[in-house]
Amino acid sequence: MTRESLPTEAKTSRDSYVWLGMRLVLPALWLGLIVGISLIEAPLKFTAPGITIPLGLGIGRLVFGAMNIVEIVILAAWFFATFGRGLASSYQRMVSAAAAVLLVKVVWIRPQLNHETDLVLSGASQGGSLWHYAYIACDGALILLLIAALWAGIRALRH
């Protein structure tokens, strides 16, 4: 890859290679995290022998809590690699949209899910809350946004 084939921002500084790399690696890492945890681990957990609903919910609460912390760290680094670097506003909007979805997921939906989990663990509820579907919808939106950001990043490298 020559310097002439990189976006304008990359031609100005060797540091820009780091920012370009971060704008590809960070959304890819976040996408892998969501696919691995939300689409693979969470559904399979309840099919394991000996896993009870209370045990599965307890594990899920720990895993998703840790995942949300990692998502926030990835987003913070992605913001740092994106804003103030002369990028197209469409790319910045994708990052901002991902931030908004994550904010909804962590600040609004997760506390509701924790409350529902408490009710199930205490025996006051059988589970099956609509909040789970809202969380899944947020992860679906993030998957689409992250794929779009990766596509945009790859296209930027090609031009």
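Checked against E71 for a side-chain contact (heavy atoms from CB on, under 4.5 Å), the options I74, V73, N68 give a single hit: N68. Considering F79, F80, F83 in turn, F80 is the only one that fulfils the ring pair (Phe, Tyr, Trp, His ring centres under 6.0 Å) rule with W19.
In this structure, the side chain of R110 engages the main chain of F64 through a donor-acceptor pair within 3.5 Å. Looking at R23, its side chain never comes within 3.5 Å of a backbone N or O of G153 through a donor-acceptor pair.
Distance check: I109 CD1 to L130 CG gives 11.5 Å after rounding to the nearest 0.5 Å. Atoms CE and CG, on M67 and L33 in that order, are 5.0 Å from each other to the nearest 0.5 Å. To the nearest 0.5 angstrom, I53 atom CD1 is 11.0 Å from T117 atom OG1. Atom-to-atom distance recorded for L24:CG and M22:CE is 11.5 Å, nearest 0.5 angstrom. Between L26 atom CG and L146 atom CG the span is 10.5 Å, to the nearest 0.5 Å. How far CH2 of W30 is from CD1 of I72: 9.0 Å, rounded to the nearest 0.5 Å.
For the pair I143 and L39, the minimum side-chain heavy-atom distance is below 4.5 Å. Side-chain atoms of L57 and T52, non-hydrogen and from C-beta on, never get closer than 4.5 Å to each other. L75 places a side-chain heavy atom less than 4.5 Å from the side chain of W78. The side-chain heavy atoms of L113 and R61, taken from C-beta on, include no pair separated by under 4.5 Å. The side-chain heavy atoms of V63 and K45, taken from C-beta on, include no pair separated by under 4.5 Å. Contact annotation: the side chain of S129 never approaches that of H115 to less than 4.5 Å [non-hydrogen atoms, C-beta and beyond]. At a threshold of 4.5 Å between non-hydrogen side-chain atoms, the residues Q112 and Y135 do not count as touching. With contacts defined as side-chain heavy-atom distances shorter than 4.5 Å, the pair L102/K105 qualifies.
V95 and V25 are assigned to two separate hydrophobic clusters, defined by single-linkage of ILVMFWY side chains at heavy-atom distances under 4.5 Å. In the hydrophobic clustering of ILVMFWY residues, with side-chain heavy atoms under 4.5 Å counting as a link, L62 and L55 come out apart. When the side chains of ILVMFWY residues are joined at heavy-atom separations under 4.5 Å, either directly or via intervening members, V35 and I69 end up in two distinct hydrophobic clusters. Two different hydrophobic clusters hold L103 and I136 under the rule that ILVMFWY side chains link at heavy-atom gaps under 4.5 Å. Hydrophobic clustering (side-chain heavy atoms under 4.5 Å, transitive across Ile, Leu, Val, Met, Phe, Trp, Tyr) keeps L144 apart from I34.
Contact between C138 and V101 at its shortest, heavy atoms only, is O-CG1, 3.4 Å. The minimum heavy-atom distance linking P43 with I37 is given by the pair CD-O, 4.5 Å. Minimum interatomic distance between A149 and Y91 (heavy atoms only, all atoms of both residues): O-CE1, 3.6 Å. Annotation for E116 and S125: closest pair OE1-OG, 4.3 Å, computed over non-hydrogen atoms. S38 and D139 get closest at one heavy-atom pair: OG-OD2, 2.6 Å.
W108 and W131 have their aromatic ring centers within a separation under 6.0 angstrom.
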